Colleague: 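I'd like to ask you about the structure that follows.
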Amino acid sequence: MPRASQSIHGIWGSRLTFILAATGSAVGLGNIWKFPYITGENGGGAFVLMYLFCILIVGIPIMMAEVLLGRRGRQSPVNAMIELAREAGAPRVWGLLGWIGVVAGFLILSYYSVIAGWALEYVLRVGEGTFIGAKSEFAGSAFNELTASPGRLAFWHTVFMFMTMFVVAKGVNRGLEAAVRILMPALLVLLMILIGYAVNSGSFMQGFDFLFSMRTENLNANSLVIAMGHAFFTLSLGMGAIMIYGAYMPRNASIGATVCVVALLDTLVALVAGLAIFPLVFANGLEAGAGPGLMFVTLPLAFGNMPFGSFFGVLFFVLVSFAAWSSSISLIEPAVAWMVERFGMSRVKTSIGLGIAVWLVGLGTVFSFNIWKSFNVFGLTFFDALDFLTANIMLPLGGVAIAVFAGWVMREPDVHAELAIESKTIYRTWRFLVRFVSPAAVLFIFALTMYRYFTQ
Ligand code: PHE
């Protein structure tokens, strides 16, 4: 059967655009905000090692599978899966996989936007010079004041949702390419400057040690599942974001090499962010396990006490906001593409409708930091519960389904042709990982966590 050479939603200009767009999706709050804070909560070294291990043996193979499905399906994840299932002679229920992805992306965006809103607020606060010469108590209370105010959180959440839906309404867009090409390297440079500051401020080795030396005693029953969930979250896997970007990928680009570049860049940004943040945590006597506020309490301190701090600080939070922006677009793109295909609606109308819906759900996260703080689901706030459900359960399960589909359901010659890996060894290794190792690892981690949870 002849395959569509491009999707109705457009196509990337080149392989480089795909790399940039996928990196834009992968690098975001997950790397700079979430990775350090969950590493702090889960005791450092051993957790980081588990996360790196999951990237390598679960993340990269599944990412290749996801791009492969997207590029062959050339549609929204829901319709791509239905189409690919038909091609493989498998039941239509595989469309459900696309559906779960659409829902996961929708839910993740609802809280992602609230956190991105914090970064927007910090652009202003740092720019006003609020943190000049500040001490850690002040940085802590400034953050607590922000999260205690539903009005301020809702305001910035609204601004960020508006920014996201604006881009999505305009469609696959060259602006994204230019933004990622310039802003990603700039973000890395700024993180390096922060590391430089951390080296001078004294606690660099302590931070380094926290990140990279094994301390298994701090792990708890959930740590492993969180490390694995984060591997999916940070690579934007398991919900169709990478699938839909794969759908816009030109036929001649090599999937394996491209995916490795994206995964490497993503991991690099996370580790560099950790190396910038933890030395400051220890130098200022802060708590590594402080939770979601970790980055917003430590970095303003650095900017408040270094030369040209306000300038670098504003630039940093602007870049973080951009990184979050290019991720949020990919969180909602599967849903938008699906609605355009299904109802023939315009991108603009679809974006407005979905934007409002996501915004409403996001209010739940806004309130979970203040008026709903004591309202618990299984001992978690609304935000924590949503994060746990999406990142640690939905994405890994979506990822397993993707691996099973690419490894067991699709016809092998189709897989081979689409991946077009020349080296037999690499192809065979990938196939082995995707058929056996990745799904087994995910399921094993779930099983182990359940076991430890009930026996601890
Ligand atoms: N990978 C993004 C980050 O690290 C978040 C994301 C998850 C984006 C899933 C798209 C899909 O911030």
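Hydrogens, waters and symmetry mates are skipped; everything else that's a heavy atom, side chains included, is used. Just so you know, ligand 1 is whichever comes first in the structure, and atom 1 is the first atom listed for that ligand. Source: prediction; values computed, not measured.
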Colleague: Taking the six-membered ring for Trp and the full ring for Phe, Tyr or His, determine whether the centres of W156 and F162 are under 6.0 Å apart.
Modeller: no

Colleague: Show me the short polar-atom pairs for ligand 1: any N or O of it lying under 3.5 Å from a protein N or O, with distances only.
Modeller:
unit_1   : atom_1 : unit_2 : atom_2 : d
ligand 1 : 1 (N)  : S25    : O      : 3.2
ligand 1 : 1 (N)  : A26    : O      : 3.0
ligand 1 : 1 (N)  : F233   : O      : 2.8
ligand 1 : 1 (N)  : T234   : O      : 3.2
ligand 1 : 1 (N)  : S236   : OG     : 3.0
ligand 1 : 4 (O)  : A26    : O      : 2.9
ligand 1 : 4 (O)  : G30    : N      : 3.3
ligand 1 : 4 (O)  : N31    : OD1    : 3.3
ligand 1 : 12 (O) : L29    : N      : 3.1
ligand 1 : 12 (O) : G30    : N      : 2.8
ligand 1 : 12 (O) : Y112   : OH     : 2.5

Colleague: What about the rings of W325 and F166, do their centers lie closer together than 6.0 Å?
Modeller: no

Colleague: Between F208 and F212, does the ring centroid distance fall short of 6.0 Å?
Modeller: yes

Colleague: Compute the ring centroids of F18 and Y245, then answer whether they are less than 6.0 Å apart.
Modeller: no

Colleague: Taking only residues two or more places apart in sequence, or in another chain, which ones meet Y122 in a ring-ring contact (aromatic ring centres under 6.0 Å, His included)?
Modeller: F131, F296, F317

Colleague: Identify the residue among E341, E333, R342 that makes a side chain to side chain donor-acceptor pair (under 3.5 Å) with S76.
Modeller: E341

